[in-house]
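Quantities reported herein were computed from a predicted structural model and do not represent experimental measurements.
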Amino acid sequence: DLIVHVRDITHPEANLQKATVLSVLRNLNIPSHLLDSMVEVHNKVDLIERYKPTEENALAVSALHGHGLEELKQEIEKKILTTTGKKILTVNINLEGPQLSWLYKEATVQEVEVMPEDGTARVKVIISSSAFGRYKNLFPN
């Protein structure tokens, strides 16, 4: 669904390495939409003082120190959701019904926050539009 190209930006041949990787990917007949949506990651920015990517849409990270990893995670999540046509939703459910079981089967459940006082839960899921449509039909409330 997505290509993430991580580069050691401190390597003296970093630009040549990028060109080589892109050439190999093109020779593998990777679909153009994957090449166009590729996430470019510049790693080891902690070794270069005040590093700023010169390439548009490149993300600067330091895997060693954790710098930029949250932004990278958000970018990957955004692109995957766009590519797959899924969305992240939070739905309120009654724990006495079959909704939670259905969501575990038909979606990716990320979080369940139980409200014991009223027997409900807030459930954060990754779900396709079609599955969410089925959910609304099955559980209109």
Side-chain angles (χ1 to χ4, degrees), residues 1-11 13-141:
D1 293 323
L2 181 66
I3 297 172
V4 179
H5 183 200
V6 180
R7 295 171 49 202
D8 173 354
I9 207 63
T10 65
H11 192 283
E13 300 293 332
N15 289 331
L16 178 60
Q17 289 176 336
K18 177 184 178 175
T20 303
V21 167
L22 292 176
S23 175
V24 168
L25 291 173
R26 284 189 196 97
N27 288 336
L28 291 173
N29 294 318
I30 300 292
S32 61
H33 74 275
L34 282 176
L35 292 174
D36 294 340
S37 67
M38 181 168 43
V39 176
E40 176 83 20
V41 181
H42 295 178
N43 190 26
K44 296 188 180 181
V45 299
D46 55 298
L47 300 177
I48 301 174
E49 193 171 326
R50 294 190 194 111
Y51 179 78
K52 288 251 192 236
T54 55
E55 298 167 45
E56 192 177 326
N57 301 321
L59 298 170
V61 305
S62 167
L64 180 65
H65 297 287
H67 169 78
L69 295 183
E70 187 58 35
E71 292 85 356
L72 175 59
K73 179 183 165 201
Q74 290 171 3
E75 182 67 15
I76 290 171
E77 185 174 89
K78 181 178 83 172
K79 292 215 176 190
I80 289 289
L81 291 173
T82 300
T83 301
T84 62
K86 294 185 178 181
K87 52 186 145 196
I88 297 176
L89 298 173
T90 300
V91 293
N92 295 316
I93 64 164
N94 183 335
L95 289 171
E96 292 178 5
Q99 293 100 320
L100 186 56
S101 175
W102 189 93
L103 288 169
Y104 270 108
K105 285 184 212 161
E106 301 294 330
T108 302
V109 175
Q110 290 192 305
E111 291 176 20
V112 178
E113 181 184 353
V114 176
M115 315 299 191
E117 60 277 358
D118 63 359
T120 64
R122 264 190 216 105
V123 183
K124 184 177 175 186
V125 296
I126 300 173
I127 192 166
S128 69
S129 296
S130 61
F132 187 59
R134 290 192 308 275
Y135 175 85
K136 289 193 301 190
N137 286 337
L138 287 167
F139 312 108
N141 296 332

Any side-chain heavy atom of [X] within less than 4.5 Å of one from [Y]?
X: Val112; Y: Val123; answer: yes
X: Lys44; Y: Tyr51; answer: no
X: Asn57; Y: Glu40; answer: no
X: Lys78; Y: Val39; answer: no
X: Thr84; Y: Ser128; answer: no
X: Met38; Y: Leu25; answer: yes
X: Asn92; Y: Thr120; answer: no
X: Phe132; Y: Val91; answer: yes

When you measure from the side chain of [X] to the backbone N and O of [Y], does any donor-acceptor pair fall under 3.5 Å?
X: Asn43; Y: Ala63; result: yes
X: Thr20; Y: Leu16; result: yes
X: Arg7; Y: Ala14; result: yes

What's the shortest heavy-atom distance between [X] and [Y], and which atoms?
X: Leu95; Y: Ala121; result: CD2-CB, 3.8 Å
X: Phe139; Y: Pro98; result: CE2-CG, 3.6 Å
X: Leu59; Y: Glu71; result: CD1-O, 4.4 Å
X: Ala60; Y: Pro53; result: CB-CG, 4.0 Å
X: Thr83; Y: Asp1; result: CG2-O, 3.5 Å
X: Ser62; Y: Asp46; result: OG-OD1, 2.9 Å

Nearest 0.5 Å, what's the [atom1]-[atom2] distance between [X] and [Y]?
X: Ile9; Y: His11; atom1: CD1; atom2: NE2; answer: 11.0 Å
X: Ile30; Y: Leu22; atom1: CD1; atom2: CG; answer: 11.0 Å
X: Asn94; Y: Met115; atom1: CG; atom2: CE; answer: 13.0 Å
X: Leu2; Y: His33; atom1: CG; atom2: NE2; answer: 9.5 Å
X: Asp8; Y: Leu47; atom1: CG; atom2: CG; answer: 8.0 Å
X: Lys124; Y: Leu103; atom1: NZ; atom2: CG; answer: 14.5 Å

Subject >> More than 12 heavy atoms of other groups within 6.0 Å of Glu117 CD >> reply: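 Yes, CD of Glu117 has more than 12 neighbouring heavy atoms, counting only those of other groups under 6.0 Å.
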Subject >> Residue pair Ile127, Glu106: steps toward the side-chain contact (heavy atoms from CB on, under 4.5 Å) verdict >> reply: CA-CA 8 Å; Ile127 192 166; Glu106 301 294 330; 5.7 Å; no
Original post:
Any salt bridge between Lys79 and Glu75, counting N to O under 4.0 Å?
Top reply: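 Looking at Lys79 and Glu75, the cut-off is met.
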Subject >> From Leu72, Val61, Val45, residue fulfilling side chain to side chain contact (heavy atoms under 4.5 Å, CB included) relative to His67 >> reply: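 Among Leu72, Val61, Val45, the one that satisfies the side chain to side chain contact (heavy atoms under 4.5 Å, CB included) with His67 is Val45.
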